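Note that these values count all heavy atoms, side chains included, but never hydrogens, waters or copies made by symmetry. None of these values were measured; they are calculated from a predicted model. The chains referred to below are lettered A, B, ... by the order of the sequence lines, with proteins before strands, and numbering in each begins at 1.
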Number of protein chains: 2
Amino acid sequence: MEMAAMRTDANRAAILAHLGARGPASRADLARALDLSPALLTKLTRDLLADGLLNELEHQPSRGGRPARQLGLASNAIGAIGLKIAPDHLTLVEVGIDGVVTRTSTAGFDATDRLALRSLVDITTGFIGEGDHSQLLGIGVGLPGSVLGQSEDLVDSTQLQWNQVPLGSALRSATGLPVLIDNNVSALALAEALYGVGRGHEDFLVVTIGSGIGAGIVANGAIVRGHTGNAGEIGHIPVVENGPLCQCGAAGCLEALIGQAGLMREATARGIVIGGTLADVTALADGGDHDAQGVFTAAGKLLGRAIAGVVNTLDPQIVVVLGEGASSWRHWSRGFEPSFRAALIPRKRGVEVAVEAWQDDRWAQGAACLVLGTPFDATGVSGEQGERIRTRLTEVRDTEASA
Amino acid sequence: MEMAAMRTDANRAAILAHLGARGPASRADLARALDLSPALLTKLTRDLLADGLLNELEHQPSRGGRPARQLGLASNAIGAIGLKIAPDHLTLVEVGIDGVVTRTSTAGFDATDRLALRSLVDITTGFIGEGDHSQLLGIGVGLPGSVLGQSEDLVDSTQLQWNQVPLGSALRSATGLPVLIDNNVSALALAEALYGVGRGHEDFLVVTIGSGIGAGIVANGAIVRGHTGNAGEIGHIPVVENGPLCQCGAAGCLEALIGQAGLMREATARGIVIGGTLADVTALADGGDHDAQGVFTAAGKLLGRAIAGVVNTLDPQIVVVLGEGASSWRHWSRGFEPSFRAALIPRKRGVEVAVEAWQDDRWAQGAACLVLGTPFDATGVSGEQGERIRTRLTEVRDTEASA
DNA sequence: TAGAGTATCTTTAGTAGTAAACAAAGGAGT
DNA sequence: ACTCCTTTGTTTACTACTAAAGATACTCTA
């Protein structure tokens with residue numbers, strides 16, 4: 001038992017995370033993927049095998065040379081918790097290190113309540129349960145807002161009406177686990193980068209259509225959060241002059257026009273529904289109502305022009321459309337596609353737009369990826385909490401070894 | 001004389017580049033700035049001092065402890081060449097490793113000529129001169145267009161009417177020097193990051209107002225080039241529906257409205273000038289002509305709304321306005337400021353806008369920074385040519401040592 | 001069936017880097 | 001003057017990693 005090496009070992013963590021995320025691989029595969037020498041992989045995998053964290057699987061049929069010995073993760077008990085905070089409910093998931101959701105839970109919640117933080121902590125600890133947390137690497141939290149400061153502690157959110165809420169320290173002291181908090185769209189973008197369509201792309205854009213319009217930006221392989229953590233607010237791109245007033249105070253924001261509220265105002269103005277919800281409009285459009293479809297087509301047209309501006313600015317390889325609204329995408333699409341393509345610079349006109357089927361717990365899964373993605377983060381920018389996660393990953397090794 | 005260590009030594013290079021860019025510093029300063037251990041700095045600076053590349057300067061007055069020994073660059077002969085390519089002329093500069101321009105030259109040039117590449121190479125080699133190039137780290141090239149492929153070899157530019165021109169290999173074989181090519185606005189952004197207003201900022205935006213409108217984007221401390229190298233094309237953000245036709249084929253692009261051509265069209269339509277150039281309109285505005293000023297005010301208003309969208313999307317800490325057009329910024333500003341601030345999300349409303357005085361050779365200086373910035377590039381993404389530059393930096397050490 | 005070829009893994013010898021203890025050179029309080 | 005404090009720079013002992021050469025285990029070809 002080595003007494004030394006209490007330090008974080010990013011490479012051991014990276015090996016485990018890679019095997020978890022991408023499935024079994026040979027030492028040579030890992031060396032190439034992680035950009036390490038084969039020699040080092042021999043040594044590191046020897047340790048991990050001895051510690052019982054890795055298994056040597058069957059030989060792979062030779063591809064012209066010595067056949068590869070596949071290595072697989074022995075412990076599938078390593079995972080993370082993902083928490084999505086919405087104004088009126090919480091979604092919790094437990095995911096394995098391969099990104100697969102193993103458990104889900106939803107709970108009512110009032111973000112504006114005086115005891116909201118207390119209630120959130122209780123619900124979370126209840127979900128995690130008593131007993132042994134040694135397999136959990138940490139908790140990832142996604143919320144509609146931004147995180148202040150390097151300590152990633154104080155949270156701001158207009159949608160939740162939160163101002164400098166000490167969410168991080170509250171969860172941390174209650175659970176003893178590392179906690180990473182981020183904007184929910186950024187978390188979703190990270191999930192796409194690790195396990196979704198974005199995998200292997202250095203530059204892509206995730207557009208979410210929900211109650212508002214948001215974007216997760218990945219450039220140079222990294223999430224763009226901006227200086228104050230407010231990057232991705234494409235809902236507030238000005239699109240029409242003297243347009244309807246937006247929550248943000250400006251006039252003519254994209255979101256004011258085609259956010260859920262904007263769509264309803266338009267549907268009501270056109271006399272398609274009286275009262276009712278957006279689901280009613282969607283149902284009408286699905287049923288073939290041309291007027292209802294027209295609402296989405298017009299919205300798609302505006303969205304297309306706005307996203308084209310973003311694509312011209314950022315030059316992503318792919319645009320992923322996601323969110324509750326994506327389920328009615330075929331109505332949006334009629335307006336989106338022509339106006340989007342027409343406004344792109346010629347070289348980008350073929351850029352791929354991928355629409356992903358939407359599951360509700362996807363947000364929480366994305367939040368969990370904040371934790372699962374940390375070992376991949378070569379630059380180690382995730383700060384102190386990220387350091388703690390990497391440390392935990394190697395600690396798991398020690399407890400397994402001693403057991 | 002060590003026979004070994006033919007490998008690139010990024011840290012030795014980083015020490016030299018840091019001293020060049022930021023001026024003399026103590027070993028302890030360097031250790032903090034480069035995030036290396038004091039122990040390593042003792043060793044590396046010992047080598048560099050022995051090789052005659054560094055000088056030990058006077059002691060710094062103590063700040064409560066042992067006084068620091070300042071280290072300074074012994075050789076100020078290390079530098080790079082910067083080349084800016086415009087449709088009708090070339091600008092060349094020689095800059096020292098501290099970013100200061102030591103020599104300038106401009107030459108007429110026709111980018112559409114059949115022998116343009118040959119002529120470009122001749123002018124460049126003429127500027128560099130015969131004889132010893134050992135002090136030159138490399139050549140940086142900035143052009144209005146994008147670079148294809150990882151080899152950074154083939155160049156595309158609609159403005160120059162170039163299609164897959166093998167600029168890199170041509171310059172490389174003619175001079176024997178490493179050549180780095182990039183979009184001119186990206187190069188300018190890099191210069192700002194290293195020696196300008198952007199220094200110390202991880203996220204900022206450089207907006208250029210020239211014949212067109214462009215942007216250099218820095219996010220997470222790195223230049224955003226996008227997947228095809230076409231990031232920053234904010235000139236083609238759609239701003240008005242059914243607007244004037246743009247060169248790019250779309251209608252209502254920002255550039256079509258407020259690029260040089262757009263401004264002239266507007267000035268002509270308003271009857272301010274008949275024929276003439278933009279300089280005439282600027283002169284009238286400078287002289288107090290309200291109609292002429294109105295052209296700029298209207299343009300500033302449009303620019304403000306568009307840039308606000310970009311700032312909402314990317315959340316930069318600072319916006320730098322630059323370029324030929326920046327000299328008439330006080331006329332733009334009247335329209336820009338109110339519309340810009342009004343369209344920002346509340347949290348970003350105080351974002352700083354810095355307008356930089358404009359010198360013509362600034363573009364070429366930015367191009368040179370592609371070379372000078374390479375040693376700083378911790379991730380080493382600049383590819384093979386960047387590797388060659390870092391190698392050259394240590395080679396200089398060897399030749400100085402043997403001399 | 002005996003190479004030739006090729007890809008995987010291992011060993012060896014060496015470099016780059018760090019932490020920690022120590023030495024050096026001053027300032028500030030008593 | 002003497003001690004304590006602070007910061008700088010150096011030495012020592014160690015870890016992490018790599019390159020290069022070799023060992024291993026297969027396929028393919030003649």
Side-chain angles (χ1 to χ4, degrees), chain A residues 1-15 19 24-50 54-72 375 378 380 387 390-391 394 397, chain B residues 1-15 19 24-50 54-72 375 378 380 387 390-391 394 397:
Chain A
M1 179 175 208
E2 320 100 294
M3 212 48 218
M6 215 48 210
R7 282 225 337 281
T8 297
D9 189 330
N11 283 336
R12 280 186 181 83
I15 289 171
L19 291 175
S26 70
R27 292 171 182 79
D29 290 337
L30 288 167
R32 280 185 295 264
L34 303 176
D35 204 27
L36 298 171
S37 66
L40 184 59
L41 259 117
T42 293
K43 185 154 53 162
L44 294 181
T45 53
R46 182 161 44 212
D47 291 0
L48 293 170
L49 282 165
L54 251 46
N55 277 336
E56 206 155 43
L57 306 177
E58 75 288 350
H59 290 204
Q60 195 79 346
S62 162
R63 301 192 294 274
R66 172 175 173 174
R69 283 166 189 76
Q70 298 280 98
L71 297 171
E387 206 61 26
R390 281 186 281 265
T391 311
T394 52
R397 180 169 63 103
Chain B
M1 178 175 210
E2 319 101 294
M3 212 48 218
M6 215 48 209
R7 283 225 336 281
T8 297
D9 188 329
N11 284 335
R12 281 187 180 81
I15 290 172
L19 291 175
S26 70
R27 290 170 183 80
D29 290 337
L30 288 167
R32 279 184 295 265
L34 303 177
D35 203 27
L36 298 172
S37 65
L40 184 58
L41 259 116
T42 293
K43 185 155 51 164
L44 294 181
T45 54
R46 183 162 43 213
D47 291 0
L48 293 169
L49 282 164
L54 250 47
N55 277 335
E56 206 155 42
L57 306 178
E58 75 288 349
H59 289 204
Q60 197 79 346
S62 161
R63 300 191 296 273
R66 172 174 172 175
R69 284 167 190 75
Q70 298 282 99
L71 297 170
E387 207 61 26
R390 281 186 280 264
T391 311
T394 51
R397 181 167 64 103

Review point. To the nearest 0.5 Å, how far apart are CG in B:Leu40 and OG1 in B:Thr45?
Key: 9.0 Å

Point to revise | Nearest-Å distance for atom pair CG/P, residues B:Asp29 and D:dT7 | key: 13 Å

Check your understanding: Atom CD of A:Gln70 and atom P of C:dC9: how far apart are they, to the nearest Å?
Key -> 9 Å

Practice item. Choose from D:dG9, C:dT18, D:dT24 the nucleotide whose nearest atom is closest to any side-chain atom of B:Arg27. Key: D:dG9

Check your understanding: How would you list all residue pairs meeting salt bridge (Lys or Arg N to Asp or Glu O under 4.0 Å) that involve residues 30-39 of chain B, not counting sequence neighbours?
Key -> B:Asp29-B:Arg32

Review point. Taking CG from B:Leu48 and P from D:dG9, how many angstroms apart are they, rounded to a whole number?
Key: 15 Å

Point to revise | Nearest heavy-atom neighbours spanning B:Ala31 and B:Leu41 | key: CA-CD1, 3.3 Å

**Study point:** A:Arg27 side, atom CZ; A:Leu44 side, atom CG - distance, nearest 0.5 Å
**Key:** 11.0 Å

Practice item. Please report, rounded to the nearest Å, how far the C1' atom of C:dA16 is from the CD1 atom of B:Ile15. Key: 13 Å

Check your understanding: Taking N and O atoms by type only, does the side chain of A:Arg66 place a donor or acceptor under 3.5 Å from a partner on the base of C:dT8?
Key -> yes

**Study point:** Residue mapping more 5' on DNA chain D - nearest nucleotide basis, A:Ser37 or B:Leu40
**Key:** B:Leu40

Practice item. Write down the distance between CG (A:Leu41) and P (C:dC9), rounded to a whole number of angstrom. Key: 9 Å

Review point. Just checking A:Asp35: base, sugar-phosphate only, or nothing, at a heavy-atom cut-off of under 4.0 Å?
Key: sugar-phosphate

Practice item. Report the nucleotide, chosen from C:dT10, C:dT8, D:dG9, that has the shortest atom-to-atom distance to any side-chain atom of B:Ala28. Key: D:dG9

Check your understanding: C:dA7 P sits how many Å from A:Leu30 CG, rounded?
Key -> 18 Å

Review point. According to a strict under-4.0 Å criterion, is A:Thr42 in side-chain N/O contact with OP1 or OP2 of C:dT11?
Key: no

Review point. When we call it a touch if two heavy atoms are under 4.0 Å apart, what does B:Pro67 touch: a base, just sugar-phosphate, or nothing?
Key: sugar-phosphate

Check your understanding: Could you state the CZ-P distance from A:Arg69 to D:dA25, rounded to the nearest angstrom?
Key -> 7 Å

Exercise for review: Indicate, with a heavy-atom threshold strictly under 4.0 Å, whether A:Leu36 touches base, sugar-phosphate, or nothing.
Suggested key: sugar-phosphate

Review point. Looking across every strand, which nucleic acid part, if any, lies under 4.0 Å from A:Ala39 by heavy atom: base, sugar-phosphate, or nothing?
Key: base

Review point. Once you round it to whole Å, what is the distance between C1' of D:dT11 and CG of B:Leu44?
Key: 15 Å

Exercise for review: Give a yes/no on whether any side-chain N or O of B:Arg32 is located under 4.0 angstrom from OP1 or OP2 of D:dT8.
Suggested key: yes

Practice item. Mind listing the closest non-hydrogen atom pair of B:Ser26 and B:Ala68 along with its distance? Key: CB-CB, 3.5 Å

